[in-house]
Protein chains: 2
Amino acid sequence: MAGRKAAAPDPARSLALLWGSHTKPGRSGLTVRAIVDAAIALADVSGLDALSMRTVAERLKVGTMSLYTHVPGKGELTDLMFDQVYGDLYADPDEPSNQPGGWRGALEFIALRNWDVLTAHPWIHEVPTMRTALGPNITRKYETELRPLDGLGLTDVEMDSALTLVLTHVQGTARAGAEQLRTQRDSGLSDEEWWRQISPTLTTVMSGTHFPTAGRVGTSVGEHFQSAMDPAHALTFGLTTILDGLTPLITSRSAVQ
Amino acid sequence: MAGRKAAAPDPARSLALLWGSHTKPGRSGLTVRAIVDAAIALADVSGLDALSMRTVAERLKVGTMSLYTHVPGKGELTDLMFDQVYGDLYADPDEPSNQPGGWRGALEFIALRNWDVLTAHPWIHEVPTMRTALGPNITRKYETELRPLDGLGLTDVEMDSALTLVLTHVQGTARAGAEQLRTQRDSGLSDEEWWRQISPTLTTVMSGTHFPTAGRVGTSVGEHFQSAMDPAHALTFGLTTILDGLTPLITSRSAVQ
DNA sequence: AGAGTGTACCGTACATTGTACGGCTCAGGT
DNA sequence: ACCTGAGCCGTACAATGTACGGTACACTCT
């Protein structure tokens, strides 16, 4: 990155910030909450790249450096943004468990909810997540998503593994979708135009090498989805497969119970 | 990002670069190949953040702007790096198919190979992949990885979906592992020290709220792996589950055959 | 009321980035 | 011997995160 290198972040300070109430207004009404909201609004429309301390300050009509009174730095700001967007994911901690369809229905519900946030806030993919793992909203999310897997006979580690598997799939697929959208957007080209631009060079250059399977499958996929990939299809195909794969484990454990 | 905004990249130019031979040396022996190799070496040890045109040029003992004679910009350079590291993934296009264990063994082999590159070159996760999808090495990789799924009775779209599912899992898990390593590394703290630093603030701040399931499971996982997560375990658990989930689909299709 | 003090606010400065631009310097063709 | 084009590179600039030191206000204490 540019700019002066960030000072080593103090984990305890970050944690306190994460769990703080964020509502004590200062002289000009500036709050952590307001800063985070403004930053999220900006990132939603222009991505994390376009999010700078200056643009956030400008939107709030404050001096750039005033932000640093409330937030230690940009890294911590993105941590807060991350925690924030997961705040309203579930109405209550039993919402997934109350879905019809047992554990399978619950996991499908969880996957869909995660998919929704991820596609609404694609910048999430660029936030390093490890540090925020202990924020209040993330912790509540973890609690909420684990509950429908409890009491099925799975070990604690298995519960965590199963949930992680589903979430990794959703996140990875959403990320691919977001990337596709982004390149498409800032190339300014439609899929069709892009292909017209690429095609002649590609055929020139690929002549001599042979990729029979790749060629056939790639063409089929392209015709079927009118694109190189369809994130929605990847999501459901993968989710179905994963849940199918989880079924024998869970039924065997439940039987032992 | 910093610096002047990158000019809109010309896809055709990128493609030509990707497929070019890269071996025509100039006055001072500078080649695209040499530039890419230097960049990869740098990124391997310091990550993509530390990779700047200046550091690459320095390592090659050339002026910074000389790089631009061979490479249009940083974006295209990372594209080339990406394509490059996938070049030697497989010895030949039938290597996965020749593994024991049929399609399952082949997919396990593929997952492992991908896992190896991803962990050897963690910066891959930060390269936008959509643009490189048509590089020569990536295309060969796609061909190679599709072959073991051919002739099983799956449709073309199903073949692609199955492969994508496996690769998304591997990539997502590797990414999580890389992130864990990175935060651990540049916090300078061991897991133990980190926990000691966090713990008092956390207990102070969590009192009042209750996360029974999350607390129990989180503790179990932590004790079991001595860490918040174990990427290797996540990899095998997920892979097993996914392959189990793929089995009914494939056997039903093969039966029809 | 007056004085003192801490905290919110912010203007300026600086290091670092990607790369546009224009000049220099050679190798090779005529 | 000269010309030309390509390889090379020094300088300049816009943008970034944030360190540093100053200013001004709200509050407490006398």
Side-chain angles (χ1 to χ4, degrees), chain A residues 1-10 13 20 22-35 38-39 42-43 46-81 126-128 186, chain B residues 1-10 13 20 22-35 38-39 42-43 46-81 126-128 186:
Chain A
M1 295 292 182
R4 193 154 292 192
K5 58 175 172 287
D10 177 3
R13 172 99 169 84
H22 309 162
T23 50
K24 192 175 54 185
R27 203 153 76 231
S28 75
L30 202 53
T31 1
V32 175
R33 181 56 184 266
I35 294 175
L42 281 174
S46 330
L48 252 207
D49 281 359
L51 185 83
S52 76
M53 297 305 265
R54 280 176 239 266
T55 56
V56 173
E58 208 165 310
R59 167 177 262 259
L60 291 168
K61 308 197 178 207
V62 233
T64 306
M65 293 312 290
S66 305
L67 304 179
Y68 287 85
T69 306
H70 304 267
V71 166
K74 195 187 186 184
E76 288 82 356
L77 175 55
T78 53
D79 286 355
L80 289 166
M81 293 166 63
E126 296 163 55
V127 176
D186 63 34
Chain B
M1 294 296 179
R4 193 154 296 191
K5 56 176 171 286
D10 178 4
R13 172 98 169 83
H22 309 163
T23 50
K24 192 175 55 188
R27 201 153 80 230
S28 74
L30 202 52
T31 3
V32 175
R33 183 54 185 267
I35 294 174
L42 280 174
S46 329
L48 253 207
D49 281 358
L51 185 83
S52 76
M53 299 305 266
R54 280 175 239 267
T55 55
V56 173
E58 208 165 309
R59 168 176 260 259
L60 291 168
K61 305 188 182 220
V62 240
T64 306
M65 294 312 292
S66 306
L67 304 180
Y68 286 85
T69 305
H70 304 267
V71 166
K74 196 187 185 184
E76 287 82 355
L77 175 54
T78 53
D79 286 354
L80 288 166
M81 294 166 63
E126 295 163 56
V127 177
D186 62 32

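Letters go in sequence order (proteins before strands), and every chain restarts at 1.
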Could you tell me the separation between the CG atom of B:Asp49 and the C1' atom of C:dG18, rounded to a whole number of Å? 14 Å
In Å, rounded to the nearest 0.5 Å, how long is the span from CG of B:Leu51 to CG of B:Leu77? 6.5 Å
Considering just the side-chain nitrogens and oxygens of A:His70, establish if one lies under 4.0 Å of OP1 or OP2 belonging to C:dC9. yes
Pairing residues for B:Thr55 by the side chain to side chain contact (heavy atoms under 4.5 Å, CB included) criterion, not counting sequence neighbours: B:Leu42, B:Ser52
Within this structure, what is the OG-CE distance for the pair B:Ser66 and B:Met53, rounded to the nearest 0.5 Å? 10.5 Å
Whole-Å distance, B:Leu30 CG to C:dC26 C1', equals 16 Å
Rounded interatomic separation in angstrom, taking CG from A:Leu67 and P from D:dT18: 11 Å
Whole-Å gap separating C1' (C:dT17) and NZ (B:Lys74): 8 Å
The side chain of A:Ser66 is closest to which nucleotide in this list: D:dC9, C:dC9, D:dG17? C:dC9
Rounded to whole Å, how long is the line connecting atom CG of B:Leu77 with atom P of C:dT17? 15 Å
Nearest to the A:Tyr68 side chain among D:dG17, C:dG18, D:dG10, which nucleotide is it? D:dG17
For A:Glu76 and D:dG17, give me the distance from atom CD to atom P, rounded to whole Å. 13 Å
When the axes are fitted on five pairs at both termini, how much does the helix from C:dA1-D:dT30 to C:dT30-D:dA1 curve, in 10° steps? 20°
Nearest-0.5 Å distance, CD1 of residue A:Ile35 to CG of residue A:Leu30: 4.5 Å
Need one value for A:Leu51: base, sugar-phosphate or nothing, where a base atom within 4.0 Å counts as base even if backbone is also close, heavy atoms only. sugar-phosphate
Considering only heavy atoms, which members of residues 55-64 of chain A lie under 4.0 Å from some atom of DNA chain C? A:Val62, A:Gly63
Separation of A:Met81 CE from A:Glu76 CD (nearest 0.5 Å): 13.5 Å
Steps toward side-chain contact (heavy atoms from CB on, under 4.5 Å) verdict (B:Leu60, B:Leu67): CA-CA 10 Å; B:Leu60 291 168; B:Leu67 304 180; 4.3 Å; yes
For the pair made of CD1 in B:Ile35 and C1' in C:dT19, what is the distance, rounded to whole Å? 15 Å
Partner set under salt bridge (charged side-chain N to carboxylate O under 4.0 Å, His left out) for A:Glu126, not counting sequence neighbours: A:Arg182
Using the side-chain heavy atoms of A:Thr69, tell me which of these nucleotides is nearest: C:dT17, C:dC9, D:dT18. C:dC9
To the nearest 0.5 Å, tell me how far B:His70 NE2 sits from B:Arg33 CZ. 15.0 Å
Mind calculating the distance between CE (A:Met65) and C1' (D:dG17) to the nearest angstrom? 8 Å
Could you tell me whether the side chain of B:Ser46 and the main chain of B:Ala43 form a donor-acceptor pair under 3.5 Å? no
